[in-house]
Amino acid sequence: LPHCIAQMEEGGKGQELLNLVNTAKALQGESFGKFTGAPWSDAYVYNTIEAACLALAVDAQGDPGLAAAQQFLRDKLDQWIPIVLAAQMDDGYIHSYHTVNKFERYTNINAHEFYVQGYFIEAGVAHYQITGGKDRRLYDAARRCADQLCNRFGPPPKRNWIYGHPGMGIALCRLARLVGEAEGNDAGAKYSNLAKFFLDHRHEIEEHRSAYRQSHLPVVEQDEAVGHAVRATYFYSAIADLAMLTGDRAYQDAVDKIWDSAVNRRMYVTGGVGSTHQGEAFGADYDLPNESAYCESCAGCGLSFWADRMNRMHHDGASVDVEERVLYNNILGAVELTGENFFYQNPLASGGRRYPWHGCPCCVGNIPRALIAIKDLMYRLDGSRVTLYVNHFVAGSGTIANVAGTSLRIEQETDYPWDGDVTLILTPDKPAQLTVKVRIPNRGESRLYSPTPPSGEVNLQVNGRSQSATVTDGYVSLSRTWQAGDRIELRLPMPIQRIYADERVKSNRGRVALQRGPMVYNVESVDHGGDVRALYLPKDSELHAVWKPDLLGGVMVLKAKASRNTP
């Protein structure tokens with residue numbers, strides 16, 4: 001995040017913040033500089049603000065380095081927020097490219113006003129949440145932005161329009177939920193209603209009807225993942241949001257079919273999606289090349305958002321398995337350890353290096369907000385708040401209010417993903433009758449890939465006593481009256497697995513991938529004294545996991561006896 005901030009401020013690679021400064025000057029009648037960069041570059045500022053808000057929600061717990069880093073982010077928010085607010089017009093409209101250049105609003109879908117304003121709204125939601133609603137500046141600005149959309153768009157006599165990038169659907173649904181929670185009485189319904197209007201009618205504007213924009217068919221008739229992969233994953237996330245908010249079964253059926261298409265026929269073993277450079281898009285079924293793979297980092301972020309919604313909708317652990325795969329491999333693998341270089345696209349075979357910035361650095365704020373969000377994905381409650389889902393295994397602690405009529409503190413101890421041992425310590429304020437559902441990773445959540453050997457038996461104990469580990473919908477269930485200090489101990493098997501792809505994936509015939517736990521391993525030339533494409537792994541070669549504390553800050557490496565093909 002400090003790297004993103006430095007590059008967006010004056011003197012950085014992109015200096016995107018200057019566009020907002022110039023917008024404010026233009027609105028105040030002062031002399032201003034020209035707009036630079038892509039028409040949608042305000043979005044980078046807004047998703048970085050959201051990521052900073054998420055980072056501030058972590059308790060530093062006396063860690064001086066983390067506390068200092070968080071103070072840096074607070075100071076930047078104090079500097080940036082007034083700049084952003086000054087760039088908003090009185091009626092709520094905000095978009096530097098249009099304001100500075102005096103372009104007419106909502107006439108060019110490729111200028112991505114909705115993409116930018118969607119991230120602006122999400123930043124307002126995140127800032128409200130981190131301040132507990134005590135600082136409403138960005139939230140109120142987000143509401144004004146959404147209100148000007150509601151005033152302009154909708155059923156006749158208002159107008160219809162298709163936005164080029166579907167991030168607005170997610171944003172309006174997030175705002176609808178927050179406003180509903182804060183004000184009640186369906187106060188946020190107008191925002192979700194607008195989101196559904198846009199989705200219901202986006203296929204009706206003939207000149208913009210295309211699979212690239214997911215506008216080729218009505219939502220309820222779509223059944224496969226198509227088009228620009230970032231736009232697609234955001235669009236499908238919004239469909240799932242609206243299925244939950246409105247109870248529209250046709251929306252749910254559609255997004256279920258599209259999920260099956262994406263995960264079981266068009267997803268890489270790393271969780272990457274979008275196989276082709278042509279349109280940065282999903283390819284055909286089983287069309288998953290390695291060296292020419294695209295796998296944009298933002299599409300990985302979008303898949304993680306989509307998986308989160310699929311889990312909320314179905315409470316099925318398989319969607320979290322997908323989320324875990326994309327977080328640990330495609331997204332986390334896009335950034336190197338300094339946090340100052342990244343990949344825009346993530347082919348499975350590459351000779352390229354990560355770089356500090358990109359001509360379209362849309363991933364830079366998106367990656368940290370997707371990764372830091374794992375703190376909010378670890379646990380989930382059902383609607384009645386009497387069933388707690390444990391979705392991710394991450395060391396840490398926190399308190400959840402109003403769980404089975406009490407407050408519940410949870411501490412999780414684990415070295416996952418390097419080790420499969422997980423301990424959960426539950427401390428309710430008073431004894432609570434509660435069902436705890438612990439996810440048991442499948443490791444073969446996509447039908448595209450077959451892991452061998454199987455993951456193996458799970459060992460589960462409560463307060464030292466063995467429990468049945470029967471898995472239903474990806475979870476084991478523990479129902480009891482929980483007392484302060486009760487311990488759940490889980491031992492997940494972590495075999496090294498060989499992964500074989502469906503034979504219809506031509507580029508992987510005769511090839512094998514290796515994974516251990518959620519981590520898919522890569523083989524690099526630097527470790528092998530030559531081109532790794534000449535290596536082959538005998539089927540009887542034993543595989544060993546070895547901890548290397550001095551490598552990359554400490555990692556588990558895999559060792560095996562491989563052979564080298566010679567000309």
Side-chain angles (χ1 to χ4, degrees), residues 169-170 173-174 177 222-225 229-230 232-245 248-249 251-274 282 295 299-332 370-371 373-383 387-394 416-417 436-449 451 455 458 471-477 492 515 517-520:
I170 294 176
C173 289
R174 285 187 68 187
R177 282 195 178 92
Q222 296 193 34
D223 60 6
E224 61 178 349
V230 184
T233 52
Y234 278 49
F235 180 58
Y236 305 144
S237 297
I239 297 174
D241 267 332
L242 287 165
M244 289 184 283
L245 284 167
D248 191 319
R249 185 53 191 256
Y251 264 47
Q252 179 178 316
D253 289 345
V255 79
D256 283 345
K257 291 174 184 176
I258 300 167
W259 176 262
D260 176 65
S261 164
V263 171
N264 292 313
R265 298 191 294 280
R266 299 180 180 182
M267 184 180 78
Y268 282 91
V269 70
T270 57
V273 289
F282 282 97
C295 294
C301 296
L303 181 60
S304 73
F305 305 151
W306 184 14
D308 168 59
R309 286 151 176 82
M310 296 302 287
N311 178 254
R312 279 195 265 140
M313 188 162 63
H314 292 302
H315 299 296
D316 187 338
S319 54
V320 186
D321 292 347
V322 172
E323 181 175 60
E324 181 178 69
R325 183 174 295 275
V326 69
L327 284 169
Y328 275 101
N329 297 287
N330 178 259
I331 304 176
L332 191 60
L371 291 173
I374 198 169
K375 69 179 184 58
D376 300 316
L377 305 174
M378 291 168 63
Y379 307 106
R380 172 157 294 136
L381 286 166
D382 70 341
T387 299
L388 176 74
Y389 293 84
V390 180
N391 281 334
H392 288 284
F393 308 117
V394 182
Y416 191 86
V436 178
K437 293 196 172 191
V438 183
R439 180 176 67 94
I440 306 300
N442 178 277
R443 309 296 186 212
E445 65 279 0
S446 169
R447 292 194 299 271
L448 278 167
Y449 306 106
S455 293
V458 173
V471 179
T472 303
D473 294 331
Y475 296 93
V476 294
S477 294
L492 295 170
Q515 73 178 16
M519 308 290 283
V520 179

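Here the structure is a predicted model, which means the values were calculated and not measured. If you read the sequence from its start, that first residue is 1, and numbering goes on from there.
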Can any side-chain N or O of Y449 pair as donor or acceptor with the backbone N or O of V269 at less than 3.5 Å? yes
Looking only at non-hydrogen atoms, find the nearest pair between P441 and Y416 and report the distance. CG-OH, 4.3 Å
What is the minimum heavy-atom distance between C295 and N330, and which atoms define it? O-ND2, 3.7 Å
Any salt bridge between D253 and K257, counting N to O under 4.0 Å? no
Suppose we screen for side-chain contact (heavy atoms from CB on, under 4.5 Å). Which residues come up paired with A225, at least two apart in sequence or across chains? Y236, I258, S261, A262, F282
Does L242 reach the side chain of D248, with side-chain heavy atoms less than 4.5 Å apart? no
I'd like to check the side-chain contact (heavy atoms from CB on, under 4.5 Å) partners of D260; sequence neighbours left out, ordered by chain and number. N264, R265, R447
I331 and C301, any side-chain heavy atoms less than 4.5 Å apart: yes
Report the C-alpha separation of S446 and V322 in whole Å, then their side-chain angles, then the decisive distance to 0.1 Å, and conclude whether the side chain to side chain contact (heavy atoms under 4.5 Å, CB included) test is met. CA-CA 8 Å; S446 169; V322 172; over 6 Å; no
Ring pair (Phe, Tyr, Trp, His ring centres under 6.0 Å) filter on H315, not counting sequence neighbours, yields Y389
Under the side-chain hydrogen bond (donor to acceptor under 3.5 Å, both in side chains) test, which residues partner N311, sequence neighbours left out? R380, N391, Y475
Residue pair T387, K437: steps toward the side chain to side chain contact (heavy atoms under 4.5 Å, CB included) verdict: CA-CA 7 Å; T387 299; K437 293 196 172 191; 4.0 Å; yes
Candidate pair Y268 and V273, rule side chain to side chain contact (heavy atoms under 4.5 Å, CB included), full reasoning: CA-CA 6 Å; Y268 282 91; V273 289; over 6 Å; no
Residues at least two apart in sequence or cross-chain that pass side-chain hydrogen bond (donor to acceptor under 3.5 Å, both in side chains) with R439, listed by chain then number, are D321, E324
Any chance you could lay out the side-chain hydrogen bond (donor to acceptor under 3.5 Å, both in side chains) test for D473 and H314, step after step, and finish with the verdict? CA-CA 9 Å; D473 294 331; H314 292 302; over 6 Å; no
Between S237 and T233, which heavy-atom pair has the shortest distance, and what is it? OG-O, 2.7 Å
Taking all atoms of both residues into account, what is the closest heavy-atom pair of A238 and I170, and its distance? CB-N, 3.9 Å
So, using side-chain contact (heavy atoms from CB on, under 4.5 Å) as the criterion, who are the partners of N329 when residues are at least two apart? T270, R325, V520
Under the side-chain contact (heavy atoms from CB on, under 4.5 Å) test, which residues partner A307, sequence neighbours left out? W259, E323
Of all residues at least two apart in sequence or in a different chain, which pass the side-chain hydrogen bond (donor to acceptor under 3.5 Å, both in side chains) check with D223? none
Is there side-chain contact between L332 and L327, with at least one heavy-atom pair below 4.5 Å? no
Rounded distance (nearest 0.5 Å) linking atom CG of L377 with atom CZ of F305: 9.5 Å
How about V438 and F393: do any of their side-chain heavy atoms sit closer than 4.5 Å? yes
Does V320 reach the side chain of H392, with side-chain heavy atoms less than 4.5 Å apart? yes
Nearest heavy-atom approach of R443 to P518 is NH1-N, 3.5 Å
Decide yes or no on side chain to side chain contact (heavy atoms under 4.5 Å, CB included) for D241 and R312, but give the supporting numbers first. CA-CA 9 Å; D241 267 332; R312 279 195 265 140; 4.1 Å; yes
Taking all non-hydrogen atoms of both residues into account, name the closest pair between M313 and V255 and its distance. CE-CG1, 3.5 Å
